Amino acid sequence: MHISKYLFFLLGPIGFLIFLLSLTPWHKEENLRAYHGVIDLRGVQDASSGPVDLSGEWEFFWSQEPGQILESFRGTMTVPGSWNRETELHPSYDRLGYATYRLKILVPDVWVGKVLTMSLGTVWSSYRLYMDGEILGESGIPSSNPESGLARVQPRSFSFIPSSNQVVIEIFVANTYAREGGISSPVKLGPSEVMLSTRIRAMFIDIFAFSSLVIMGLYHISLYLYLRSSKAPLYFGIMSMAIGVRALVTNTRLLMEFFPSVPQSGVQTIEQISMMIAVALYILFFLETFTAYVSEIFVKASLGIVAVFIAITLFSSLEFNSNKIMYFHMFIAVTIAYVLFVILRIDFDQESNSSYVLYGSGLLFLGVAIDLFYTYVLKVSSHQLSHIALVFFVFLQSLVIASDRSSKYKEAKLLTEDLQTMNLELFEMKEKLVQKVEDRTRTLNDTLQQINRELEIAQNVQRKILTPPEREIKGIRFDYVYKPLEKVGGDFLDISEIKPGQVRVLLADAVGHGVQASLMTMALKTEYEELKKLECPTFVLRELNGRFLRKFDTLESIFPCFVADIYLDKKEVLYASAGHPDQVLLSPDGKYELLHKTGPILGLFDDLEVELATYPFPLGSRLLLFSDGLIENRRKENRWSTVETIASKAGTLSGSSLQKLLEELVVMEERSRGDEQRYDDITIIAIESRDQPQLSDSNRL
């Protein structure tokens, strides 16, 4: 047997075994499963954790509606699961009927008063959700009278705010047509933003599957229309588009999201007919690919069976179609068995690139087998893995077609009579191009030298707008490191005594780096000089924000900014941080406090909401400020330059000079970065409170 066959028949059962093992509940905590109608979530400590699966034993009231429940007829039912499935713990009920599920949820403290979202997937065939006796929402119109009900099987989410640590949910479910009744997919609960993210991911998967299948389907159909050498691309393309359409009515049911007026009967018809058409086209594709091995009698009989099922689906009721689909699933199982039999007979040494079809079919069969296992063994809603598996199948088949077309293209190119002439023309063009490149290179070198000269001038100008490190300010000493990524950068700093005994410090970081960012620092310098002596740091930030929004709105200028006032007499520091990274305040004994941001980044909102924070700043205290370039490190395996590590390092150097502190922080950043290049400008400012004027470190040294 060919090695590909060995791998195929070995990996298929192994894949299915891994899937079965993934169903075991050994990894789930027992306290997060419902038991006798109660689930205790009070062990949840993180307010953003979720979603939480509410599966387990719910209270079950057969043929009873919320508000009219007789407690003496209470039972239990496993969710997810069909109510007409008899188990050791639960009796079996009629598939058509109605019932009420009830679950008491013990809500954790971190969720009380928060917006929570409950997500329901597949519920046959309509339901209404109650929260503490109040209606929260519904899908379709559930009713004890089948004539007045309306089926609607659609995943829905409902939000609410729990006011206490206990809520009771009731789900009134009515099944009017489906083969299995009840809640057949997990009910999940979690914070609204977490549930929304989960929902978006699920929708993205379906959108990805749909778009991939449709695009590849159109691609294969186009190949057939262009070449018409084989019908295999045509069958394969239409099959891909059929499964793509089916992806719209399974899992998240995107079709019902975008077209809510589509009736349930229409959704079911699309789902079943697209599946039947895909099976028929797969058979035709397999026949076209391996004609010598496939029986035409089997193919004709299969196409006849599919045609009968399609006709029945188009003209039958919801209930009949729901019941008869199991017979079509049996037909799919027979088809898969026949295809596996044919694969045993195929000589892969003679059939070029057929291994791709083999493994693609294996993935597709595995996905179909998992879906059938969910539906008929577990009797819950399947994950519809078949159309995801088909995406991989389409990809592998595309490799076959691409390889085939590539070889034919190369042969055609070798047989082209004009190839030699084209090569001669290209050679002449190459000689001319070399000369042009040399001329352009000389011009570019001259231009580059001019740009470098101008950048050096800009570098000198930019450094002169920064506070000179030799400036003397009574009561403090300071030093800083300014390392632009290029010749000019986007960081700006200013340290000034705006009043006797009041020193104001500003550190801003224009988004980006290089010339554009440096121009923003020039504008920032101009505007700040007019606002420098405003009463409060928050006033400075608000005015800067307003001016940049009015004057530079077309530049989309956004930047974090940190402003602090040091009051030497009061021995305290007041600061406001607009989107700036956490900064560090060091006490004389080396302990540190992190100065968190107090408002959003400048340049985004007209009405800037920024707060003021105050900390003690006794003699010997140090204020350590830095731009985010110091902590922007993309090496995940050795991250030393974080705010915490910087603060800790600065604390150990509380007795060292400011210059020594700055040098150690630069070394730590370089060590953290390793051999990788720097990604942003770096500015570090160190300010120390002193009881008498002293020269800066740079002058002393």
Side-chain angles (χ1 to χ4, degrees), residues 20 22-44 49-95 97-108 111 116 118-125 127-133 136 142 155 158 160 162 165-175 178 180-190 373-383:
L20 292 179
S22 69
L23 297 176
T24 59
W26 61 268
H27 61 286
K28 298 182 179 179
E29 299 182 19
E30 289 297 326
N31 60 341
L32 292 184
R33 284 189 64 83
Y35 182 71
H36 287 301
V38 180
I39 186 168
D40 188 357
L41 306 182
R42 291 175 296 182
V44 176
S49 63
V52 175
D53 192 339
L54 303 181
S55 298
E57 280 191 343
W58 291 38
E59 290 182 320
F60 185 75
F61 302 90
W62 176 248
S63 295
Q64 298 184 60
E65 299 183 40
Q68 304 175 14
I69 289 175
L70 297 177
E71 295 291 337
S72 58
F73 290 90
R74 175 173 53 191
T76 58
M77 183 62 62
T78 299
V79 174
S82 168
W83 67 42
N84 51 308
R85 175 187 60 174
E86 185 173 358
T87 67
E88 294 180 359
L89 300 176
H90 312 300
S92 176
Y93 300 89
D94 295 335
R95 65 182 183 86
Y98 62 96
T100 297
Y101 292 78
R102 187 167 69 187
L103 178 67
K104 180 189 295 183
I105 304 175
L106 302 181
V107 181
W111 283 2
L116 302 182
M118 181 170 293
S119 174
L120 284 83
T122 303
V123 180
W124 302 103
S125 57
Y127 66 90
R128 183 178 297 118
L129 175 63
Y130 294 79
M131 181 68 61
D132 290 334
L136 198 59
F158 307 91
F160 64 98
N165 290 95
Q166 178 176 306
V167 295
V168 177
I169 63 170
E170 294 174 306
I171 305 177
F172 176 52
V173 181
N175 181 28
E180 306 286 347
I183 305 174
S184 62
S185 61
V187 180
K188 297 185 178 181
L189 176 68
F373 182 85
Y374 265 92
T375 302
Y376 293 105
V377 179
L378 301 181
K379 294 191 176 181
V380 296
S381 178
S382 71
H383 290 297

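Being a predicted model, the structure only gives us computed values, none of them experimental. In what follows, residues are counted from 1 in the order of the sequence shown.
A donor-acceptor contact shorter than 3.5 Å is absent between the side chain of T122 and the backbone of S185. With hydrogens and angles ignored, the 3.5 Å screen pairs no side-chain donor or acceptor of N84 with any backbone N or O of S92. In terms of modelled atom types and a separation under 3.5 Å, the side chain of N175 and the main chain of A178 share a donor-acceptor contact.
In this structure, the side chains of V79 and I171 stay at 4.5 Å or more apart for every pair of heavy atoms. With a 4.5 Å cut-off on side-chain heavy atoms, S82 and S184 do not count as touching. Taking 4.5 Å as the limit, every side-chain heavy atom of Y98 sits out of range of all side-chain heavy atoms of P142. For the pair V167 and L116, the minimum side-chain heavy-atom distance is 4.5 Å or more. Side-chain contact between E170 and I69 is present, with at least one heavy-atom pair separated by less than 4.5 Å. Side-chain contact between Y127 and I183 is absent, with no heavy-atom pair separated by less than 4.5 Å.
Between D94 and W83, the closest heavy-atom pair is O-NE1, 2.8 Å. The two residues P186 and D53 make their nearest non-hydrogen contact at CB-OD1, 3.6 Å. In terms of heavy-atom proximity, N165 sits nearest to P108 at ND2-C, 3.8 Å. Scanning both residues, G190 and W111, for their nearest heavy atoms gives CA-CH2, 4.0 Å.
With sequence neighbours excluded, the residues satisfying ring pair (Phe, Tyr, Trp, His ring centres under 6.0 Å) with Y93 are F60, W62. R74 pairs by the side chain to side chain contact (heavy atoms under 4.5 Å, CB included) definition with E59, F61, E71, R102, not counting sequence neighbours. Among residues two or more places apart in sequence or in another chain, the side-chain hydrogen bond (donor to acceptor under 3.5 Å, both in side chains) test is passed with T100 by none.
Taken from CE in M77 to CZ in R85, the straight-line distance is 8.5 Å, to the nearest 0.5 Å. Here Y101 contributes atom OH and L54 contributes atom CG; the two are 14.0 Å apart, rounded to the nearest 0.5 Å. Residue Q64 holds its CD atom at 5.0 Å from CG of L70, rounded to the nearest 0.5 Å. Summarising the geometry, atom CE belonging to M118 is positioned 10.0 Å from atom CZ belonging to F158; distances are rounded to the nearest 0.5 Å. Rounding to the nearest 0.5 Å places OG1 of T78 at 7.5 Å from CZ of R33. In this structure, L41 CG and I105 CD1 are separated by 6.5 Å, a value rounded to the nearest 0.5 Å.
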